A.B. asks: 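Have a look at the structure that comes next, please.
It should be emphasised that the depicted structure is a prediction, and the values quoted were computed from it without experimental measurement. We name chains A, B, ... by the order of the sequence lines, and we start the count at 1 in each one. FYI, side chains are in, hydrogens and waters are out, and symmetry mates aren't considered; it's all heavy atoms of this structure.
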Amino acid sequence: MKRDALSQRTFFEQVWLITLQIPRGKVTWYGFIAELLDAPHAARTVGWALHALTTEQSRWIPWHRVINKAGRCSLRNASFSYIEQQALLEEEGVQFDERGYTDLTVFGWEGLTPEEVQALLAQGRLPWESNQG
DNA sequence: ACAGTGACAACAT
DNA sequence: TATGTTGCCACTG
């Protein structure tokens with residue numbers, strides 16, 4: 001796999017590490033994660049990274065806490081329904097209106113500082129990786 | 001090496 | 001709001 005020289009991780013893995021930091025009951029959007037990774041135009045790639053999770057990996061990565069910037073769940077044409085994604089979030093306390101929009105100013109994740117991102121990419125571990133390194 | 005592929009986002013209408 | 005267009009880019013055969 002192609003890896004970033006600094007983080008030693010692929011962009012996909014970087015996305016997964018960031019996504020792991022989103023707390024229960026909070027959401028963020030694809031472009032926000034792209035900005036945290038200093039790739040402000042890679043929102044589509046963030047979405048693809050989450051789509052690329054295997055079934056087993058998706059049990060550990062809270063992929064459902066990433067929605068679009070409009071405040072709605074995407075997956076409009078995907079196998080996993082946006083309705084199911086919204087239901088997962090509602091179980092965590094994220095509220096949606098009758099049109100399926102949530103208020104990102106209320107339920108949006110505050111994010112990480114650049115220093116926190118750097119530390120995470122340098123030493124963070126994915127759940128299926130050994131802690132021994 | 002390169003064209004195709006998306007769970008996006010910004011903008012226009 | 002909803003829909004269509006376009007730019008975007010890491011990853012894949």
A.B. asks: Could you state the CD1-P distance from A:Ile61 to B:dA7, rounded to the nearest angstrom?
C.D. replies: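 Roughly 18 Å, once rounded to whole Å.
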
A.B. asks: How many whole angstroms separate atom CD1 of A:Ile33 from atom P of B:dA7?
C.D. replies: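 That distance rounds to 15 Å.
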
A.B. asks: Can you tell me the distance, in whole Å, between the CH2 atom of A:Trp48 and the P atom of C:dG7?
C.D. replies: 20 Å

A.B. asks: Distance between the P atoms of C:dG13 and B:dA7, in whole angstroms?
C.D. replies: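 Taking atom P in both C:dG13 and B:dA7, they lie 16 Å apart.
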
A.B. asks: Hey, are A:Glu129 and A:Arg9 close enough for a salt bridge, meaning a charged N less than 4.0 Å from a carboxylate O?
C.D. replies: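 Yes, charged N to carboxylate O under 4.0 Å.
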
A.B. asks: A:Glu35 or A:Gly47: which one's nearest nucleotide on DNA chain B is closer to the 5' end?
C.D. replies: A:Gly47

A.B. asks: Take atom CD of A:Glu56 as the centre, draw a 6.0 Å sphere, and report whether it contains more than 12 heavy atoms from other residues, nucleotides or ligands.
C.D. replies: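 12 or below, so no.
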
A.B. asks: Report yes or no: do A:Glu84 and A:His64 form a side-chain donor-acceptor pair below 3.5 Å?
C.D. replies: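 A:His64 and A:Glu84 do not have a side-chain donor-acceptor pair below 3.5 Å.
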
A.B. asks: If only atom types and distance count, is the side chain of A:Gln86 paired as donor or acceptor with the main-chain N or O of A:Ile83 below 3.5 Å?
C.D. replies: no

A.B. asks: Tell me: CG of A:Asn68 to P of B:dG6, nearest whole Å?
C.D. replies: 18 Å

A.B. asks: A:Asp38 CG to C:dC9 C1': how many Å, rounded?
C.D. replies: 14 Å

A.B. asks: In residues 23-31 of chain A, what residues come within less than 4.0 Å of DNA chain B, judged by heavy atoms?
C.D. replies: A:Trp29, A:Tyr30, A:Gly31

A.B. asks: Under 4.0 Å between a side-chain nitrogen and a carboxylate oxygen: does that hold for A:Lys26 and A:Glu92?
C.D. replies: no

A.B. asks: Roughly, in whole Å, what's the span from CZ in A:Phe11 to C1' in B:dT5?
C.D. replies: 16 Å

A.B. asks: With the threshold set at under 4.0 Å for non-hydrogen atoms, list the residues of residues 97-106 of chain A touching DNA chain C in residue-number order.
C.D. replies: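 Close to the strand are A:Arg99, A:Tyr101.
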
A.B. asks: My understanding is that only residues two or more places apart in sequence, or in another chain, count here; which of them pass ring pair (Phe, Tyr, Trp, His ring centres under 6.0 Å) with A:Trp60?
C.D. replies: none

A.B. asks: Rounded to whole Å, please give me the gap between CZ in A:Arg44 and P in C:dC11.
C.D. replies: 16 Å

A.B. asks: A quick test of your reading: do over 12 heavy atoms of other residues, nucleotides or ligands sit less than 6.0 Å from CD of A:Gln118?
C.D. replies: no

A.B. asks: Calculate the interatomic distance between A:Arg65 atom CZ and B:dA7 atom C1'; express it in whole Å.
C.D. replies: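 For the pair A:Arg65 CZ and B:dA7 C1', the rounded distance is 17 Å.
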
A.B. asks: Kindly indicate whether the side chain of A:Val27, heavy atoms from C-beta on, has any atom under 4.5 Å from the side chain of A:Phe32.
C.D. replies: no

A.B. asks: Below the 4.0 Å mark, does B:dA7 have OP1 or OP2 next to a side-chain nitrogen or oxygen of A:His51?
C.D. replies: yes

A.B. asks: Side-chain heavy atoms nearer than 4.5 Å, only ILVMFWY residues, links allowed to pass through others: does that put A:Tyr101 and A:Phe96 together?
C.D. replies: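 Per the 4.5 Å side-chain linkage, A:Tyr101 and A:Phe96 are not co-clustered.
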
A.B. asks: Pick the closest DNA chain C nucleotide for A:Ala39 and for A:Arg72 by heavy atoms, then say which residue is nearer the 5' end.
C.D. replies: A:Arg72

A.B. asks: OP1 or OP2 of C:dC11 versus the side-chain N and O atoms of A:Thr10: is any pair under 4.0 Å?
C.D. replies: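 Checking C:dC11 against A:Thr10, a side-chain N or O does come within under 4.0 Å of OP1 or OP2.
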
A.B. asks: Is the shortest side-chain N/O distance from A:Lys69 to OP1 or OP2 of B:dA10 below 4.0 Å?
C.D. replies: yes

